[in-house]
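A short worksheet on the structure shown next.
Each ligand, and each atom within it, is numbered from 1 in the order the structure gives. Just so we're clear, the structure is a prediction, and the values are computed from it rather than from any experiment.
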Amino acid sequence: MNLMYKSTRSAAIQVTASEAILKGLSPDGGLFVPEQIPKLDLSLSEIAKMSYQETAYEVMKLFFTDFTEAELKDCIHKAYDSKFDTEEIAVIKKADDAYFLELFHGATVAFKDMALSILPHLLSVSAKKNQINKEIVILTATSGDTGKAALAGFADVENTKIIVFYPKNGVSPIQEKQMVTQKGNNTYVVGIEGNFDDAQQGVKVMFHNKELAEKMDKAGYQFSSANSINIGRLIPQVVYYIYAYSRLLKNFEISRNEEINITVPTGNFGNILAAYYAKQMGVPIKRLVCASNENKVLYDFFRTGIYDKNREFILTSSPSMDILVSSNLERLIYQLTGEDPIQTAAFMESLATDGTYTITEEMQAKLSDFAGGFADEQKVAKTIRRIYELDGYIIDPHTAVAASVSHTYQSASGDQVKMLIISTASPFKFTRSVMNAISPKYDSMTDLTLIDELSGLSGVKVPQAIEDIRSAKVLHTTICAKDKMQEIVEEILKI
Ligand SMILES: *Cc1c(COP(=O)(O)O)cnc(C)c1O
């Protein structure tokens, strides 16, 4: 049976998985969601015997039903190969009385690789399936990690171009260096004078610009999105939750059907939503703890039922979570309304015009699967130092937000169910914040020296992706005002 996808904002739209992957966003501005969340057809004990790639196939075949077995397996094997520095692909480490799921063993040492290594292949198969003869232009706004992971995924993939916008002063120096040194004849990187939300907004406006779409069409181009709203990114993220649970089983850390809690450092709400999908597929997850940094819109939302982006935007040491509009939350809102597209569209309209909306009490009552928490900069630094001193394990600031919130959640609630903390970036991408948290003596050292210091301290080899940027040449220097994004795109595409 074919699983179809519908829009969160109107009942009229129904597309196949490959069409949803190609389009990214629904034409009505809504997000595509599966008509229902499929149940796993294997037990978790059976999955415990499988590799990451085999698990990926078992999960994705349930969602991408219009792909053949050969197509899907081909995508999976091209994505999860030796670009990852471990055969396990995702690795569980024990520290601080919790399990850390390290999702940063891919090409760009960030968790975005988990989905962005496969998206280009899913897109390319989807284009063939739908007889698309246009060149696909990937337009992406990034708060740091997505940009590089998308660039790496799409570089020199035939019939694609990728244009990445990032906030000029809103990413770490290493993140910026990673992006502006990207090779590939089809890659473009642009810094904007604004924050991540400005970049994301600019991209959204271009996606909805009919005139631009016509111009593109004439020139043989079609937009698609690599942002975490694309189901071609969301679904591959469900895989590692199922895989992680099955590894805990395999290693006798938990017993069959034992419930676990999961804390996810959250920005755009994609990663934690994937965990929620895994729970609905049958993984015994008790509670999903949504961890925010000082941009704690989601924490306030879970506490009060009011989503309100009208507040100061704070730059923190966890830039990939510096977000005031979490796009993927719309999919949860849609579920909370009982899949009512009219109500969902009204909330999103209110968000667009007033920057806020309030969900009903009935909807709020359905939020009990979630808990929210936030960590300020001081707690993040303290957590990094504490876990290093306790176990010699060094985590990056995003993961530290989650580790701090996990602690606060456990002591406030008394909930002692085993905790899986999602580790989303290598500490080597954020050496400055990480090393300063451990000791003030690193203050005077250069970023490049800190890389070696961190390696010595943690006993972890410097990842190849970090070694590479030490010597790489800057290839992208374009900077633009936040209201000039479309002009830049037209210039790049010569339209
Ligand atoms: C993107 C990102 C996040 C946030 O993930 P979402 O899916 O946007 O919630 C957290 N940490 C890091 C390092 C990231 O790159």
Side-chain angles (χ1 to χ4, degrees), residues 31 100-116 119 140-153 164 166-167 170-172 174-176 178-179 196-197 199-200 225-231 233-238 240-241 262-278 288-293 295-299 301-302 316-332 370 372 374-375 380 395-405 421-430 433-434 463 465:
L31 309 192
F100 286 79
L101 178 63
E102 295 184 351
L103 299 177
F104 54 75
H105 290 274
T108 75
V109 293
F111 108 93
K112 301 291 194 294
D113 289 326
M114 300 303 294
L116 283 166
L119 180 72
T140 289
T142 184
S143 53
D145 287 349
T146 310
K148 178 61 188 184
L151 287 162
V164 169
Y166 73 96
V171 302
S172 85
I174 291 178
Q175 285 179 316
E176 182 172 35
Q178 276 190 306
M179 287 192 278
F196 170 68
D197 286 316
Q200 181 156 264
S225 142
N227 274 3
S228 63
I229 49 168
N230 194 311
I231 59 141
R233 271 188 62 186
L234 182 64
I235 303 306
Q237 296 187 318
V238 178
Y240 48 74
Y241 288 103
I262 303 183
T263 304
V264 186
T266 298
N268 229 348
F269 210 74
N271 203 0
I272 193 166
L273 186 74
Y276 188 49
Y277 279 19
L288 295 159
V289 185
C290 176
S292 301
N293 64 23
N295 296 290
K296 57 185 183 55
V297 186
L298 288 166
Y299 165 74
F301 169 73
F302 282 116
T316 72
S317 59
S318 45
S320 297
M321 296 160 67
D322 291 344
I323 288 174
L324 295 181
V325 178
S326 301
S327 310
N328 268 296
L329 187 67
E330 179 169 343
R331 289 187 165 105
L332 177 64
F370 291 88
F374 78 100
V380 168
I395 56 177
D396 95 290
H398 301 77
T399 309
V401 168
S404 168
V405 166
I421 293 170
I422 305 306
S423 180
T424 49
S426 161
F428 284 96
K429 276 190 91 163
F430 300 94
S433 313
V434 167

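Closest to atom 8 (O) of ligand 1 among all protein heavy atoms lies N268 N, 2.7 Å. The protein atom (non-hydrogen) at minimum distance from atom 4 (C) of ligand 1 is G267 N, 3.5 Å.
The shortest N/O to N/O separation between F111 and ligand 1 does not fall below 3.5 Å.
Checked against a 6.0 Å centroid threshold, the rings of F370 and Y276 count as neighbours.
Close approach of ligand 1 to A425 is summarised as follows: ligand atoms under 4.0 Å from at least one heavy atom of the residue are 13 (C). Ligand-side atoms of ligand 1 in range of P265: 4 (C), 10 (C), range being under 4.0 angstrom from any heavy atom. If you number the atoms of ligand 1 from 1 as listed, the ones under 4.0 Å from a heavy atom of G270 come out as 6 (P), 7 (O), 9 (O). Atoms of ligand 1 found under 4.0 Å from any heavy atom of T266 (numbered from 1 in listed order, with element): 9 (O).
Contact annotation: for F269 versus ligand 1, heavy atoms closer than 4.0 Å belong to the backbone alone.
Counting only distance, with no hydrogens or angles, the side chain of N295 and the backbone of D322 share no donor-acceptor pair below 3.5 Å.
Among I229, L332, V325, the single residue meeting the side-chain contact (heavy atoms from CB on, under 4.5 Å) criterion with F269 is L332.
Closest heavy-atom contact between T266 and M321: N-CE, 3.4 Å.
Taking only non-hydrogen atoms, the option from Q237, K112, K429 nearest to atom 2 (C) of ligand 1 is K112.
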